[in-house]
There are 2 protein chains.
Amino acid sequence: MLTSCDAGFLSQLSGLLPPGTLAAPEPRYLEEPRGRLAGQAGAVALPRNVDEVSVILRACHAAHVPVVPYGGGTGLVGGQVATTGAVPLVLSLERMQAIRDIYPSENVLIAEAGAVLADVQNAAASAARLFPLSLASEGSARIGGLLACNAGGVNVLRYGNARDLVLGLEVVLADGRIWNGLKRLRKDNTGYDLRHLMIGSEGTLGVITAASLRLSPRPAKQGAALMVVTGPDAALELLALAQDRIGGGISAFELIAGMGLSFLAETMPQVRQPFAQAPDWMVLIDLGLPEALDPTDALEGLFSEAHEKGLVSDGVIAASLAQRKDFWNLRESIPEANRHIGAISSHDISLPLSEISTFISRAGPELARINTYRINCFGHLGDGNLHYNIFPVAGVDRRAHEQERACIKTCVHDLVHEMGGSVSAEHGIGRLKARDLVTYGDPVKLAAMRAIKHALDPHGIMNPGAVLVDGEM
Amino acid sequence: MLTSCDAGFLSQLSGLLPPGTLAAPEPRYLEEPRGRLAGQAGAVALPRNVDEVSVILRACHAAHVPVVPYGGGTGLVGGQVATTGAVPLVLSLERMQAIRDIYPSENVLIAEAGAVLADVQNAAASAARLFPLSLASEGSARIGGLLACNAGGVNVLRYGNARDLVLGLEVVLADGRIWNGLKRLRKDNTGYDLRHLMIGSEGTLGVITAASLRLSPRPAKQGAALMVVTGPDAALELLALAQDRIGGGISAFELIAGMGLSFLAETMPQVRQPFAQAPDWMVLIDLGLPEALDPTDALEGLFSEAHEKGLVSDGVIAASLAQRKDFWNLRESIPEANRHIGAISSHDISLPLSEISTFISRAGPELARINTYRINCFGHLGDGNLHYNIFPVAGVDRRAHEQERACIKTCVHDLVHEMGGSVSAEHGIGRLKARDLVTYGDPVKLAAMRAIKHALDPHGIMNPGAVLVDGEM
């Protein structure tokens, strides 16, 4: 049984910490970006270093007080807001935002968990290196939260998920013990890989306080193109062709649906549309190449061969880095246009690459049996990751479809599951998908997860209700 | 307490399995490549499918009989041979060697644990794809064992360690339950990453029975060069320069010491030496490039700039694929030459890249205080992974130094540890390094490992004595 973070506990805890470490929770700690959940907190702890985190967790462990680790608050599955049960202590890492060290010759940077992603990217850039994790919320998302939910983003195709960018971690376990695992090694086979266990565990096993991150050389030349494809299958063939022709130089390969362009035209007319007539499907291809290769040549050659093969019908290659930025601005504006329209239901799914086209052709008709919707399907095609979002028809407010949401979700997730996909590709489970994990997860894996959770957090204080549903430990 | 695999248990187990599943252990199951350990086994189980593995583990779990999973028997740390304690059942995966499926358009291949690495490489090649895991024992090492110890090899720089090539796993847990985790997804954030926990756990948490493996496009063009460098520091600068110039096209970057060439000349004179006078240090650079780039141009350009910067003094670029193969044959012959000379002590270590040169300059003089040795230091420089091996001077047998072995090992490992390195870069812990893990491992990580071990294998039947030292659970 957990105990609420009450005045008695806070008074005892504050005696163990420097003044100003505990504060009343501002509203931002209790909200999440889509406004679907409202959190509760007895207080916010704002530690300055790993030892203070250790003191806090040791006290919570001893008193059975729940702890919700808090990064930038940008998570989309409610992992950062506890809504029910004993009132938790929110543990924000925002004061631990140092770049502790940077080793350009090793391509390594050590950042504290509270460092904002954009600051880490900039620190890498100022050492002429690249930290390739990149996603829409990079101006506010923090390293600890990004690792806790193994963030994805646009460069996974080339550089991997967040977990693939981590060489080592510093973690405070549930009982306050500190694991000093900040190695800077590319090969280290000394025991179980706790690093990968902590990454993606969404704060339910411990608190990541710092990470040793893998940097990359900055590509000498960048380029991008938008190409109109005949459909998602053609887009995948185009990707394979591009990989054969350009090797590892493809940094991103994003699928954009005509519906997204139409939403943009409707809600953000200031964003310039690339084609006079909005195509049904197009892709954004982004390249980062060594000095000896020219991005324009590479993209022209690719377009030409793809056109011969009937994969693409039109295209535009960025003539400058400014135009490349425009292409990305278009891509990054689609989620904003989606918010203006107002989704009934959003789905962060992944599929085996060869199933994507079948999924798209099956999901539309199945949803049409529920009601008539507009579907905006876009995402990181090279990773098999679609953001498959359902909207009302023009002029209708999403609230009119509120009672259909559960049914829509089940329809999409059932199909994804049947086709060997994942109902959470890059956002995690949090609280919003904890029941889905029970429904769609492998039961043996779930049992193993519960055993591990119990082994590392026997009192269940770490982010209760996230990932593993309450009471089923 | 564990119970030996005796006649009574075997009689009961054989009743649960098809005829011919259990056999008397041939000597090969009780040996390891360096002959340092002699194993014991009550029998060998040779299951044909995952359900038989499940039956076997369920029975062993119920009877508390230890199980030693067995792949190709090529491990170098004794993970495959139990020497003490209750007599185990050896569980060999050699009959489960099917390539279950291959999805060329997804770059995915599903292999059973008993598939030999070379067979997986060939299956990928026959679908015009690359499975990039590559190491000296690829003709006999099996996928299950390679994943159990997170094998490294020569292509880690470009493609990652074995764990980075795995999208999903099928695993039988200690109590016989089957986790069906053979996903083919590049993004899947649904709960704790059991895949990475199993990979590298060396058969102590369960038995990997199949894996969904990530393939890559085959580079259109290959090339290689040997370049004489002024030292390990220059080699690292050369690597950085190569990465800036050639991007991700560098597949391998191997450091070779003059001592290795001298051992080759002494024991394998048939291997052609690349330079009239053996240099103190050289590197083998291997490239895999897209169609639009020429490897010879790339290597000539690199050599020219590196020569201007004083990093390289001589070099030879492979004029043909046959010559490239010769270069690799030279590299791969060095471990064989080492065996002919007979190492007193071998060390599979890794270091932060910027510490490599300092390590090499410090380790020699420290070892010289013990006695006079020849040192062959070679390895996967781009990964910071050195094989640092100690030999007697010419004409002396290694047995003359037998009593110095422990002292040599401590000297090397202490220094590696002090410099933030790892005492097991790519071979794992097994039984030979289990004590080192206690000495050099982070105590909090070790405690967490023991808690996880106990949670997933409460009777301790899985590969007892490997990774975690007996009696310290």
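These figures come from a predicted structure and were not determined experimentally. Protein chains get the first letters and strands the later ones, always in sequence-line order, with residue 1 at the start of each.
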Ring pair (Phe, Tyr, Trp, His ring centres under 6.0 Å) between A:H387 and A:H427, worked out: CA-CA 11 Å; A:H387 297 299; A:H427 294 168; 5.3 Å; yes
Derivation of the side chain to side chain contact (heavy atoms under 4.5 Å, CB included) call for B:K453 and B:M462: CA-CA 9 Å; B:K453 166 77 174 172; B:M462 294 308 307; 3.8 Å; yes
Test log, rule side chain to side chain contact (heavy atoms under 4.5 Å, CB included), inputs B:M449 and B:L437: CA-CA 11 Å; B:M449 284 172 56; B:L437 190 58; 4.0 Å; yes
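Interface residue A:N385: only side-chain heavy atoms are found under 4.5 Å from chain B. Using a 4.5 Å cut-off between heavy atoms, B:A292 contacts chain A through both its backbone and its side chain. If you measure heavy-atom distances from B:I246 to chain A, the contacts under 4.5 Å come from the backbone alone. A:D188 touches chain B through backbone and side chain together, each having a heavy atom under 4.5 Å away.
In terms of non-hydrogen atom pairs under 4.5 Å with chain B, the most contact-rich of A:E237, A:R163, A:R218 is A:R163. With chain B as partner, the option from A:R177, A:K183, A:K187, A:R186 having the largest number of non-hydrogen pairs under 4.5 angstrom is A:K187. Chain B forms more heavy-atom pairs under 4.5 Å with one residue of A:D244, A:I199, A:I178 than with any other, namely A:I178. Interface check for chain A: of the options B:T204, B:L289, B:V77, B:V467, the most heavy-atom pairs under 4.5 Å are formed by B:T204. Among A:L293, A:D193, A:D442, the residue with the largest count of heavy-atom pairs under 4.5 Å with chain B is A:D442. Your options are A:G247, A:P217, A:S350, and the one with the most heavy-atom pairs under 4.5 Å with chain B is A:S350. Listed options A:S424, A:A128, A:G420 were ranked by heavy-atom pairs under 4.5 angstrom with chain B; first place goes to A:S424. Chain A forms more heavy-atom pairs under 4.5 Å with one residue of B:A451, B:A455, B:P352, B:A434 than with any other, namely B:P352.
Using a 4.5 Å heavy-atom threshold, the side chains of B:Y192 and A:L468 count as touching. Put simply, the side chain of A:V156 does not reach to within 4.5 Å of the side chain of A:H380, judged on heavy atoms. In this structure the side chain of B:D348 reaches within 4.5 angstrom of the side chain of B:E426, judged on heavy atoms. Considering only heavy atoms from C-beta on, A:L130 stays 4.5 Å or farther from A:N107 through its side chain.
One finds no salt bridge joining A:E291 and B:R245 here, because no Lys/Arg side-chain nitrogen approaches an Asp/Glu carboxylate oxygen to under 4.0 Å.
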